[in-house]
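All of these numbers come straight from a predicted model, not from anything done at the bench. Index from 1, following the sequence.
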Amino acid sequence: MRFSEKLQNLEKQKAEGSQKILSVYLNTDRSRPDQQGGEWKIKLKNGLNKFEEYIEEMGDHDELKGYRELKDKVYNKIIGRERELKRSVVLFATPDESIWIMEDLQVPIETSFHWEDKPELDQLKELQSNYPYSGIIVIHKEDATVLETEMGVLVDEYHYSFDPDIDDWREHQGPMAASISAAETNKKDEFQERFEENQKRWLKELSSKITKKAKKNKWKETYLMGEKGYLNEFERHLPIKETKKTGKNPSRMEPSKIIDQVIAG
């Protein structure tokens, strides 16, 4: 489910009775100077404890019981995934777990905690505006990769490789399988011989395929990366005019690092 759909669902949520909704925005970016000692763990613990103290003072025993159970689940879940965390965590949850949404993000956020009748969504809406559903196109001589992202999260991944046997591009969804890569390597010599004379036509056909995907999946932004010569030729045939060219060649980087480069600008 896309973030936009999750956001729409969250906007409809409202707690009833003593149950409320916990909203957590937690910056876990270890590259920041103020996070070198794992300060985010202290902020997480303190932020959760403050609500417990407040509810206890208010004297609502049902609310306190539900919150204490939820607090422990949230704390243990986030701490248990410490090694997997990226730059930030967004979480929305209720004591009965009728709402439980937790997402790791590769974009920075400001740490804040909320315990209210409705989820606190202002920062999430701002993130969606700053990092909308986008496509990152990475062009190489033998193949191309398309990464679809939203708020710095990899949503889907596609690979295109040219097959001389059918004189057309093949699309592979998901991470490139080793068997596919090996098969394409075996055809490399034949591809090299025919590439120069067919370069413009092949890149034009590739741009047409990717443009259809961009329209179907409603990309809000489009980024171009890759080997300069082929990238420039590909861009000539791309009807998507409002593109952002990073000027970087990610070679064979894993998707998360490519997304990091785009976010960093």
Side-chain angles (χ1 to χ4, degrees), residues 2-3 86 104-107 131-192 194-196 198-265:
R2 291 188 180 186
F3 269 100
K86 300 169 186 174
D104 296 343
L105 305 180
Q106 289 180 231
V107 296
Y131 306 97
Y133 201 89
S134 305
I136 304 172
I137 306 170
V138 185
I139 299 295
H140 298 291
K141 183 173 183 179
E142 295 92 351
D143 56 64
T145 295
V146 171
L147 305 177
E148 292 188 333
T149 74
E150 188 173 24
M151 286 196 279
V153 175
L154 177 65
V155 178
D156 219 333
E157 180 178 353
Y158 304 88
H159 297 271
Y160 297 84
S161 55
F162 194 86
D163 188 343
D165 291 340
I166 62 171
D167 198 39
D168 198 2
W169 295 89
R170 291 188 182 275
E171 179 184 303
H172 315 283
Q173 187 172 9
M176 180 67 82
S179 59
I180 295 173
S181 297
E184 296 306 321
T185 299
N186 293 335
K187 295 177 181 179
K188 188 173 182 180
D189 291 339
E190 182 179 353
F191 181 89
Q192 295 282 6
R194 298 175 58 191
F195 183 81
E196 295 304 329
N198 293 285
Q199 178 185 15
K200 293 182 180 180
R201 177 172 64 86
W202 285 354
L203 289 176
K204 184 177 181 180
E205 291 170 355
L206 177 62
S207 71
S208 176
K209 290 179 181 291
I210 293 179
T211 298
K212 288 179 181 178
K213 184 172 297 297
K215 290 180 178 178
K216 178 183 177 182
N217 295 348
K218 299 179 181 179
W219 295 358
K220 300 297 183 183
E221 293 182 348
T222 303
Y223 297 86
L224 300 177
M225 307 174 75
E227 299 178 35
K228 187 174 181 179
Y230 310 120
L231 183 61
N232 290 341
E233 182 63 32
F234 173 83
E235 188 179 20
R236 286 184 61 246
H237 303 290
L238 191 68
I240 304 172
K241 298 306 178 185
E242 294 185 8
T243 59
K244 299 181 180 181
K245 188 186 284 187
T246 67
K248 298 176 181 178
N249 182 3
S251 185
R252 302 300 174 185
M253 283 184 184
E254 60 186 65
S256 62
K257 294 189 181 299
I258 293 175
I259 295 171
D260 274 342
Q261 282 199 358
V262 169
I263 291 172

Roughly how far, to the nearest 0.5 Å, is the CD1 atom of I258 from the CE atom of M225?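 Those atoms lie 6.0 Å apart.
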To the nearest 0.5 Å, tell me how far K228 NZ sits from N232 CG.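 Taking NZ in K228 and CG in N232, the distance rounds to 6.5 Å.
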Taking only residues two or more places apart in sequence or in another chain, which ones pass side chain to side chain contact (heavy atoms under 4.5 Å, CB included) with [X]?
X    : result
S207 : F234, H237, L238
V107 : L105, L127, Y131, I263
K212 : S208
E221 : P132, S134, Y223, K244

Residues which pass side chain to side chain donor-acceptor pair (under 3.5 Å) with [X], listed by chain and number, not counting sequence neighbours:
X    : answer
D168 : none
S256 : E254
T149 : none

If you count every heavy atom of other residues, nucleotides or ligands that lies below 6.0 Å from K86 atom NZ, does the total exceed 12?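 Yes, the 6.0 Å shell around NZ holds more than 12 heavy atoms from other groups.
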Salt bridge E205-K209, side-chain N to carboxylate O under 4.0 Å: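 Salt bridge: no.
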Would you call K213 and E148 a salt bridge, using N to O less than 4.0 angstrom?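 So K213 does not pair with E148 through a salt bridge.
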For [X], enumerate each residue passing the salt bridge (charged side-chain N to carboxylate O under 4.0 Å, His left out) test, keeping only those at least two apart in sequence or located in another chain.
X    : answer
R236 : E233
K215 : none
E150 : none
K204 : none

Taking the side chain as C-beta and beyond, is there a heavy-atom pair between [X] and [Y] under 4.5 Å?
X    : Y    : answer
W169 : W202 : yes
D156 : N217 : no
W219 : I137 : yes

Intermediate values then yes/no, side-chain contact (heavy atoms from CB on, under 4.5 Å), I139 and L206: CA-CA 10 Å; I139 299 295; L206 177 62; 4.0 Å; yes
Just one of D143, T145, V146 clears the side chain to side chain contact (heavy atoms under 4.5 Å, CB included) bar with Y160, so which one?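 Only one of D143, T145, V146 forms a side chain to side chain contact (heavy atoms under 4.5 Å, CB included) with Y160, namely V146.
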For [X] and [Y], which heavy atoms make the closest approach, and how far apart are they?
X    : Y    : value
I259 : G152 : CG2-O, 3.7 Å
P255 : L154 : CB-CD2, 3.9 Å
P239 : T211 : CD-OG1, 3.3 Å

